[in-house]
> 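The following block contains the structure, expressed as structure tokens.
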Amino acid sequence: MTDEWLAGFFDGEGCISGRTYFCPTKYVKHPRVHIQISITQKDRTILEAIQKKYGGRIYDKQRGCSHIRWLGKDEMKSFLQKISPYVLCKKEQVILALKFIETIREENLGCKRLSEEIHAERQEIYDNLKLLKVVPN
């Protein structure tokens, strides 16, 4: 298993998605925006092989599928940097995700508010990710 192979596999089976939600007691002015990097597969053994070399956590889903997710700033960044030179179809999504990862703080500060600039940057990245996922008619 090489970085090149995984990049091709990720192009076909992987997903970079964004999510926003409001938490009325904590995030009144801005939604909380985050990204998720995952690969979903029916064959769990391939995900286990990927996990051995590239980290991530495997979760079982409904309908006999499993998925591997990379969590946390360092883990997401490391994974994406390894496949970034070789990804073709999801190249723009990987670039946006790496930009988003740069907005994540080094340490967990709990609910300490982010700056207006960081909120705006995250929202812009999220909006651009959504645009890349729109399938034309």
Side-chain angles (χ1 to χ4, degrees):
M1 185 175 294
T2 63
D3 296 349
E4 294 91 343
W5 178 89
L6 185 55
F9 191 74
F10 187 80
D11 262 338
E13 304 293 330
C15 180
I16 298 174
S17 58
R19 194 174 112 194
T20 63
Y21 59 92
F22 278 95
C23 182
T25 59
K26 297 177 186 174
Y27 310 104
V28 177
K29 192 171 182 183
H30 300 285
R32 184 172 179 141
V33 180
H34 68 96
I35 60 167
Q36 179 174 300
I37 301 162
S38 63
I39 300 172
T40 301
Q41 252 321 278
K42 282 194 173 200
D43 184 355
R44 186 183 167 100
T45 57
I46 192 69
L47 298 181
E48 291 168 353
I50 291 169
Q51 183 184 40
K52 278 185 184 177
K53 186 165 182 179
Y54 295 93
R57 291 174 186 84
I58 298 174
Y59 302 90
D60 293 319
K61 295 177 77 175
Q62 297 173 347
R63 299 184 202 132
C65 287
S66 298
H67 68 267
I68 185 169
R69 287 179 53 197
W70 287 268
L71 306 168
K73 180 177 183 168
D74 294 337
E75 193 174 63
M76 289 189 297
K77 185 175 181 178
S78 173
F79 172 72
L80 291 178
Q81 285 178 332
K82 287 175 183 166
I83 67 168
S84 179
Y86 313 107
V87 170
L88 298 175
C89 301
K90 293 185 170 82
K91 186 68 146 183
E92 289 181 72
Q93 293 178 39
V94 168
I95 291 167
L96 287 170
L98 285 167
K99 284 181 182 178
F100 186 94
I101 290 166
E102 292 305 314
T103 71
I104 298 173
R105 297 184 278 223
E106 293 297 326
E107 59 183 293
N108 185 351
L109 299 175
C111 293
K112 186 174 179 187
R113 295 185 191 276
L114 296 171
S115 70
E116 294 288 328
E117 293 80 19
I118 296 294
H119 277 294
E121 185 176 358
R122 286 184 177 187
Q123 188 64 50
E124 181 180 357
I125 292 168
Y126 170 75
D127 292 341
N128 288 328
L129 270 174
K130 278 186 4 183
L131 288 173
L132 290 172
K133 295 200 174 273
V134 173
V135 179
N137 292 334

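Computed over heavy atoms, backbone and side chain alike; hydrogens, waters and symmetry mates excluded.
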> Here's a test for you: under side-chain contact (heavy atoms from CB on, under 4.5 Å), which of Ile46, Ile58, Leu6 qualifies with Ile39?
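Between Ile39 and the candidates, side-chain contact (heavy atoms from CB on, under 4.5 Å) is satisfied uniquely by Leu6.
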> Any idea how Phe79 and Trp70 line up, ring-wise: parallel (<30°), tilted (30 to 60°), or perpendicular (>60°)?
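Rings of Phe79 and Trp70: parallel, under 30°.
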> Please round to the nearest 0.5 Å and tell me the distance separating atom OG of Ser17 and atom CD of Gln93.
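One gets 9.0 Å once the value is rounded to the nearest 0.5 Å.
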> Taking all non-hydrogen atoms of both residues, which atom of Gln51 and which atom of Arg57 are closest, and how far apart?
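Answer, listing the atom of Gln51 first, then Arg57: NE2-CA, 3.8 Å.
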> Determine all donor-acceptor pairs shorter than 3.5 Å in which one atom belongs to a side chain in residues 94-101; sequence neighbours excluded.
none

> Just so I know, are the side chains of Leu131 and Tyr126 near enough to count as touching, which here means a heavy-atom distance under 4.5 Å?
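Heavy-atom side-chain distance check fails, nothing below 4.5 Å.
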> Can any side-chain N or O of Tyr54 pair as donor or acceptor with the backbone N or O of Asp3 at less than 3.5 Å?
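The answer is yes, because a donor-acceptor pair under 3.5 Å joins these two groups.
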> Short question: side chain of Lys42, backbone of Cys65 - any donor-acceptor pair under 3.5 Å?
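Side chain of Lys42 to backbone of Cys65: no pair is present.
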> Would you say Arg122 and His34 make side-chain contact, with heavy atoms under 4.5 Å?
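Counting from C-beta outward, Arg122 and His34 never come under 4.5 Å.
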> Any side-chain heavy atom of His67 within less than 4.5 Å of one from Arg69?
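Yes; the side chains approach each other to less than 4.5 Å.
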> Please determine whether side chain to side chain contact (heavy atoms under 4.5 Å, CB included) holds for the pair Thr40 and Ile68, giving the CA-CA distance in whole Å, both sets of side-chain angles, and the decisive distance to 0.1 Å.
CA-CA 7 Å; Thr40 301; Ile68 185 169; over 6 Å; no
> Check whether Met76 and Leu71 end up in the same hydrophobic cluster, where Ile, Leu, Val, Met, Phe, Trp and Tyr are linked by side-chain heavy atoms less than 4.5 Å apart.
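Each belongs to a different hydrophobic cluster.
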> Give the cluster check for Ile83 versus Met1: same hydrophobic cluster or not, with ILVMFWY residues linked at side-chain heavy-atom distances below 4.5 Å.
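Yes, same cluster.
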> Are Tyr59 and Ile16 linked, directly or through intermediate hydrophobic residues, by side-chain heavy-atom contacts shorter than 4.5 Å (ILVMFWY only)?
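No, separate clusters.
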> Taking side chain as C-beta onward, heavy atoms only, is Glu92 less than 4.5 Å from Leu129?
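They are not in side-chain contact.
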> Looking at every non-hydrogen atom in both residues, tell me the closest pair between Asp60 and Ser66 and how far apart they are.
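Between these two residues, the closest heavy atoms are OD1-OG, 2.8 Å.
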> Do Glu117 and Glu121 have side-chain heavy atoms sitting under 4.5 Å apart?
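They are not in contact (no side-chain heavy atoms under 4.5 Å apart), so the answer is no.
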> Does Glu75 use its side chain to pair, donor to acceptor, with the backbone of Gly56 at less than 3.5 Å?
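Confirmed, Glu75 side chain pairs with Gly56 backbone.
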> Once you round to the nearest 0.5 Å, how far does CG of Leu47 lie from NZ of Lys52?
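Going from the CG atom of Leu47 to the NZ atom of Lys52 covers 13.0 Å.
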> Decide, yes or no, whether a salt bridge links Glu48 with Arg44 under the criterion of side-chain N to carboxylate O below 4.0 Å.
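Salt bridge present between Glu48 and Arg44.
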> For a quick test of reading the model, state the closest non-hydrogen atom pair linking Lys90 to Asp11 and the distance between them.
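Of all heavy-atom pairs spanning Lys90 and Asp11, the closest is NZ-O, 2.5 Å.
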> Would you mind reporting whether Lys91 and Ser84 have side-chain heavy atoms less than 4.5 Å apart?
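They are in side-chain contact.
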> Are Tyr86 and Phe9 linked, directly or through intermediate hydrophobic residues, by side-chain heavy-atom contacts shorter than 4.5 Å (ILVMFWY only)?
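No; Tyr86 is not reachable from Phe9 via cluster members.
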